[in-house]
Amino acid sequence: MSFKKRGFCRFYKQLYYGQSVKNHVLVKWKLKTGRGQFGLYCVVKAEGGLNQLEIINCAFLRQKYYLYHPAYVYGIAGGYEEAMDIILRISQEASIAGMDGRLLDYLLSKEA
């Protein structure tokens, strides 16, 4: 079986950004290519289990594992609290859409 390098992450089409994140194109490029962005946090799809979304520091995306199994990023924030605000915003939008507690279902419905 051959593993293909695909970049360290993939991005949600309607990516959420924290207020402190500037120059979105450069930030996305640096994350995808594994460049340093240590002050940033990403809201990503949780790996397995019952969790839907999780917050990770961008430094984790530089691990070799993510080069072959890219993380799916829904939001980029300038700090942990800002990342929590993004999850709160997604949760509120899901509630308004009648999808209480089903954050991934809501995000998938927006992407279609």
Side-chain angles (χ1 to χ4, degrees):
M1 177 167 31
S2 152
F3 291 103
K4 207 179 216 182
K5 292 182 183 180
R6 297 185 278 176
F8 290 91
C9 55
R10 295 178 307 151
F11 298 101
Y12 182 61
K13 287 182 183 176
Q14 299 174 26
L15 192 61
Y16 290 84
Y17 289 99
Q19 292 179 347
S20 67
V21 178
K22 307 294 182 219
N23 199 348
H24 299 170
V25 174
L26 180 62
V27 168
K28 282 177 63 176
W29 177 80
K30 284 186 173 187
L31 288 174
K32 186 163 181 74
T33 58
R35 302 300 196 277
Q37 290 284 286
F38 300 111
L40 295 180
Y41 285 81
C42 292
V43 176
V44 299
K45 182 177 180 180
E47 302 228 359
L50 298 175
N51 296 332
Q52 298 180 63
L53 299 173
E54 61 185 351
I55 299 170
I56 62 170
N57 188 290
C58 294
F60 287 106
L61 295 178
R62 297 187 68 197
Q63 296 176 40
K64 195 171 188 175
Y65 170 83
Y66 289 109
L67 190 56
Y68 297 97
H69 306 92
Y72 197 77
V73 178
Y74 289 101
I76 302 171
Y80 189 83
E81 285 190 24
E82 206 170 80
M84 288 179 54
D85 289 341
I86 289 174
I87 291 180
L88 180 62
R89 187 177 353 154
I90 293 169
S91 180
Q92 289 170 339
E93 290 175 8
S95 290
I96 291 169
M99 301 178 113
D100 289 328
R102 297 183 302 159
L103 306 182
L104 285 180
D105 291 340
Y106 168 71
L107 292 168
L108 289 172
S109 73
K110 275 183 61 178
E111 200 167 43

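Please read these numbers as outputs of a predicted model, since none were measured by experiment.
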Under the criterion side chain to side chain contact (heavy atoms under 4.5 Å, CB included), which of Asp100, Ile90, Leu103 is the partner of Ser95?
Asp100
Any side-chain heavy-atom pair of Tyr41 and Ile86 under 4.5 Å
no
With a 4.5 Å limit on heavy-atom distance, are the side chains of Glu93 and Lys110 in contact?
yes
Is [Y] reachable from [X] through a run of hydrophobic residues whose side-chain heavy atoms are each under 4.5 Å from the next?
| X | Y | answer |
| --- | --- | --- |
| Trp29 | Leu31 | no |
| Ile76 | Phe60 | yes |
| Leu26 | Tyr16 | no |

Report yes or no: does [X] contribute a side-chain atom to a donor-acceptor pair with the main-chain N or O of [Y] at less than 3.5 Å?
| X | Y | value |
| --- | --- | --- |
| Gln19 | Gly78 | no |
| Arg62 | Gly34 | yes |
| Glu82 | Ala77 | no |

Specify the closest pair of heavy atoms between [X] and [Y], including all atoms of both residues, with the distance to one decimal.
| X | Y | value |
| --- | --- | --- |
| Phe8 | Gln63 | CE2-O, 3.6 Å |
| Val73 | Leu15 | O-CD1, 3.4 Å |
| Gly101 | Gln52 | O-NE2, 2.7 Å |

Does CE belonging to Met84 count more than 12 external heavy atoms closer than 6.0 Å?
no
Quick one: [atom1] on [X] to [atom2] on [Y], what's the gap to the nearest 0.5 Å?
| X | Y | atom1 | atom2 | result |
| --- | --- | --- | --- | --- |
| Lys45 | Leu108 | NZ | CG | 7.0 Å |
| Leu61 | Leu67 | CG | CG | 11.0 Å |
| His69 | Cys9 | NE2 | SG | 15.0 Å |
| Leu107 | Met99 | CG | CE | 9.5 Å |
| Glu54 | Ile87 | CD | CD1 | 9.0 Å |

What about Tyr12 and Tyr74, are their ring centers closer than 6.0 Å?
yes
